[in-house]
Amino acid sequence: MNYASKSVARHLVRGVIGFGLIVGSIAMVPVAGPVTLVAAPLGLVALRGCPTCWAVGLAQTISRGRLERTCVDGVCTLTKADPGKKAGDAPIAGITVPGDSPVTISPAGDSERAKV
């Protein structure tokens, strides 16, 4: 899934709204009663599902355009994106690739540095 936003600032605003609604709705229960819990689902909508989904989206938004994944015959290769080429629709979050050599990820989940 792609949970990325168009910009990091927009994603952070969504996080502030989402977490604010969730925390605020729980914190206001002693003051205004359980009716305030109605705001909690609105917070989940702002986060696009759950706090983990929001965190994954933040990592995707930050890494957008920096890495490129190509899959051929069930073997996926992760390389640094070409700066002259436009970023793809599916950025990969949380993976850093030092150097210029690609990382190959097999269907079993094993990864290895390609021999250059």
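If you read the sequence from its start, that first residue is 1, and numbering goes on from there. Predicted model, so just to flag it, every value in this text is computed and none were measured. These values consider heavy atoms only, across backbone and side chains, with no hydrogens, waters or symmetry-generated copies.
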Scan for side chain to side chain donor-acceptor pair (under 3.5 Å) pairs involving residues 14-25, sequence neighbours excluded, and state none if there are none.
-> Ser5-Arg14, His11-Arg14
Each residue besides Leu21 in its hydrophobic cluster should be listed here, by chain and number; the cluster joins Ile, Leu, Val, Met, Phe, Trp and Tyr at side-chain heavy-atom distances under 4.5 Å.
-> Val13, Ile17, Leu42
Which atom pair, heavy atoms only, marks the closest approach of Arg48 to Cys53?
-> O-CB, 3.7 Å
Which ring-ring contact (aromatic ring centres under 6.0 Å, His included) pairs, counting each pair once, include a residue from residues 21-42, with sequence neighbours left out?
-> none
Excluding Val31, membership of its hydrophobic cluster (Ile, Leu, Val, Met, Phe, Trp, Tyr; side-chain heavy atoms within less than 4.5 Å) reads Met28
So, for Ala4 and Arg64, which heavy atoms are closest and what is the spacing to 0.1 Å?
-> CB-NH2, 3.3 Å
Hey, could you give me each pair passing side chain to side chain donor-acceptor pair (under 3.5 Å) that has a residue in residues 27-44? Not counting sequence neighbours.
-> none
Cluster companions of Val29 among Ile, Leu, Val, Met, Phe, Trp, Tyr (side-chain spacing under 4.5 Å) | Val8, Leu12, Phe19, Ile22, Ile26, Leu37, Leu44, Leu47, Trp54, Leu58, Ile62
